[in-house]
Amino acid sequence: MPVIEVVGLRKEYRKLRGGRTLAVAGLDLEVPEGGVFGFLGPNGSGKTTTIRCVLGLARATAGKTRLLGAEPARLHTVIRRVGSLVETPTFFPNFSGRRNLELLGAIDGVGRNTVERVLDRVGLGARGRDLFKTYSLGMKQRLGIGAALMKDPEVLILDEPANGLDPAGIKEVRELLRSLGQEGRTVFLSSHLLAEVQQICDHVAILSKGTCITSGPVDDVLTAGRQAEMIVRAKNSARAATVLEAAGFGVRAGTDDALHVTAERDDAERITRALAAKRIYLTELRPAEVNLETVFLGLTEGAETICPNCGNLVPSGHKFCTSCGAQIAEAVEP
C-alpha cells in the first residue's frame, strides 16, 4: 500500500468576484514507503493545495486522498505517525525555541529529552534558549522541521523546508532529510530547489497546471525519452564532427566548441579510436549530464492551461476555452 495515495484529486476555490479557480485537476499520485519523494511544480501548480488535502486541512472538491491508508475522515487514526510542515511555521514569538517545542511536546506526551534531541538534530541546540522572534527566517524554518520530528514520525510531509536558508543551512537540511530517508521513514518534500531535490530524492513527481505530468525514480525521470550523449572536445571540432559522423555517430554542435555525440558510455573507446586514426586528439570526453532543472523546464514550459469552467485542458496562450468558450485565467494556488 502506498504511504500517500491521491486518486483523481480535484480542488476548486471560489473567487471573491464570482466564478471558480481550479487549483488541482484530476491529480493521480502514489508515494512509496521509505526514502525521500520530491514533489515539484511551478508556482500555482497545486503543490500546497494537494498537501493540504492529504493532511485534511482542505476538503477536496472531488477525488480521494489516503495517508497511511486512511482517508480524510479517518486521519485521526494515523496522524500521530505523521509529522508535517506546511508553508511558514508559526510559533509563540515571545517564547524560546525550546519552550515552543516543549509546549508542542506536552500536547503529544513527548518529554524534554526529545526536545533537546530534536533541537540538536536541526542545528538549534545552541540557540534553544533564544526567543523565537529573534530567529532568522532560516532558523524559524529549522524549528518548524524540528516540530515535525517531535513525534518521531514514520512519514514527514514538508512544504518548502529549505525556504529562507543560507547555503550552509541548505546543506544541513539536505543531510538531515537524506538521513531521515535512510532510516526507513518516508519524507515527502515539496521544493523549488531543483539541484537540492536531485541530490536528496529517490523519487520525484512533477506537476503542471494541477496535473502530474511525470513521476518515478529520479534516474528514470532524467533519462526518459532521451538518447545518451557524450561530450567531445578536440582542437579541430569541425573536422572531429566530420570524422565521427563518418563513423556512424550522430553529432550536434554545442557551446565552447563542444560536440554532443549520440553514444553510450561504452562507445568512448570507439570514439577515441576513430579520432586518433585521423590524428585528432581529444581534450575532453565525458558523458553528458542531464539535470533535473533542464527536465523540469522542458516539461513545464508552455504547458496547457486548465479551464476553470469545464476543467478541460486548453493550449497555452489561448484566452478562451476551446471546449466551452469560458475566459481563461491562470490558476493561482491559494
Side-chain angles (χ1 to χ4, degrees), residues 1-16 19-41 44-91 103-110 144-145 147-161 180-181 184-191 203-205 207 209-212 215 306 308-311 331-334:
M1 180 183 298
V3 170
I4 297 174
E5 187 177 11
V6 178
V7 181
L9 178 64
R10 182 182 177 92
K11 177 60 180 175
E12 299 176 356
Y13 289 97
R14 291 183 179 177
K15 296 180 180 179
L16 293 177
R20 290 179 175 272
T21 294
L22 186 59
V24 183
L27 176 64
D28 294 319
L29 181 69
E30 287 191 358
V31 178
E33 182 179 2
V36 185
F37 190 104
F39 194 47
L40 312 177
S45 60
K47 301 187 304 296
T48 298
T49 298
T50 299
I51 288 174
R52 292 177 65 84
C53 289
V54 168
L55 289 171
L57 302 175
R59 183 178 296 178
T61 305
K64 295 181 179 180
T65 63
R66 296 186 184 91
L67 177 56
L68 290 170
E71 295 188 6
R74 299 286 299 168
L75 277 178
H76 63 279
T77 64
V78 300
I79 203 65
R80 290 185 62 86
R81 299 156 58 193
V82 179
S84 63
L85 170 65
V86 182
E87 299 176 311
T88 304
T90 302
F91 295 95
L103 291 172
L104 284 174
I107 295 172
D108 294 312
V110 175
I145 297 173
L149 289 171
M150 287 287 288
K151 295 180 288 185
D152 193 24
E154 298 173 30
V155 180
L156 271 171
I157 299 177
L158 305 175
D159 188 13
E160 300 284 358
L180 290 168
R185 305 176 202 264
T186 303
V187 181
F188 184 73
L189 168 67
S190 165
S191 179
H203 294 75
V204 293
L207 269 66
K209 309 296 183 182
T211 61
C212 182
S215 66
I306 301 169
N309 183 54
C310 68
V332 177
E333 188 173 334

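Because the structure is a prediction, the values reported are computed rather than measured. Computed over heavy atoms, backbone and side chain alike; hydrogens, waters and symmetry mates excluded.
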**OP:** Run through Asp28, Leu27, Val6 and flag the one making a side-chain contact (heavy atoms from CB on, under 4.5 Å) with Cys212.
**Re:** Leu27
**OP:** With side chain to side chain contact (heavy atoms under 4.5 Å, CB included) as the test, would you mind laying out the steps for Arg81 and Val155 before giving the verdict?
**Re:** CA-CA 7 Å; Arg81 299 156 58 193; Val155 180; over 6 Å; no
Original post:
Do Phe91 and Leu104 come close enough that some side-chain heavy atom pair is under 4.5 Å?
Top reply: yes
**OP:** Find the distance between CE (Met1) and CZ (Arg66) and round it off to the nearest 0.5 Å.
**Re:** 8.0 Å
Subject >> side chain to side chain contact (heavy atoms under 4.5 Å, CB included) between Glu12 and Thr21, intermediate numbers included >> reply: CA-CA 6 Å; Glu12 299 176 356; Thr21 294; over 6 Å; no
Original post:
Between Phe39 and Phe188, what is the ring plane arrangement, given parallel below 30°, perpendicular above 60°, and tilted in between?
Top reply: tilted
Subject >> Note, Thr49 side chain near Tyr13 side chain (heavy atom, < 4.5 Å) >> reply: yes
Original post:
Under the salt bridge (charged side-chain N to carboxylate O under 4.0 Å, His left out) test, which residues partner Glu33, sequence neighbours left out?
Top reply: none
Original post:
Which atom names give the shortest non-hydrogen contact between Arg59 and Lys11, and what distance separates them?
Top reply: O-NZ, 2.6 Å
**OP:** Kindly determine whether Lys47 and Asp159 satisfy salt bridge (Lys or Arg N to Asp or Glu O under 4.0 Å), including the steps that lead there.
**Re:** CA-CA 8 Å; Lys47 301 187 304 296; Asp159 188 13; over 6 Å; no
Original post:
Between Ala70 and Leu75, what is the shortest heavy-atom contact and its length?
Top reply: O-CD2, 4.1 Å
Original post:
With a 4.5 Å limit on heavy-atom distance, are the side chains of Leu55 and Ser84 in contact?
Top reply: yes
Subject >> Closest approach of Gly210 to Val24 (non-hydrogen atoms, all atoms of both residues) >> reply: O-CG1, 3.6 Å
Original post:
Roughly how far, to the nearest 0.5 Å, is OG1 of Thr186 from NE2 of His203?
Top reply: 10.5 Å
Original post:
Is Arg185 salt-bridged to Asp152, cutoff N-O under 4.0 Å?
Top reply: yes
**OP:** Show the numbers, then the answer: is there a side chain to side chain contact (heavy atoms under 4.5 Å, CB included) between Val86 and Arg52?
**Re:** CA-CA 8 Å; Val86 182; Arg52 292 177 65 84; 4.3 Å; yes
**OP:** Just do the side chain to side chain contact (heavy atoms under 4.5 Å, CB included) check on Leu156 and Val82 with the steps written out, would you?
**Re:** CA-CA 6 Å; Leu156 271 171; Val82 179; over 6 Å; no
Original post:
How far apart are the closest heavy atoms of Thr65 and Pro72, and which atoms are they?
Top reply: O-CD, 3.4 Å
Subject >> Nearest atoms (heavy-atom pairs only) where Ala25 meets Lys209 >> reply: CB-O, 4.4 Å
**OP:** Identify which one of Ile157, Leu158, Ile51 satisfies the side-chain contact (heavy atoms from CB on, under 4.5 Å) criterion when paired with Ser190.
**Re:** Ile51
Original post:
Looking only at atom types and distance, does a side-chain atom of Arg80 sit under 3.5 Å from a main-chain N or O of Asp108, one as donor and one as acceptor?
Top reply: yes
Original post:
Is there a side-chain contact between Leu22 and Arg10, using heavy atoms and a 4.5 Å cut-off?
Top reply: yes
Original post:
Judged by atom type as modelled, is there a donor-acceptor pair below 3.5 Å linking the side chain of Ser215 to the main-chain atoms of Ala205?
Top reply: no
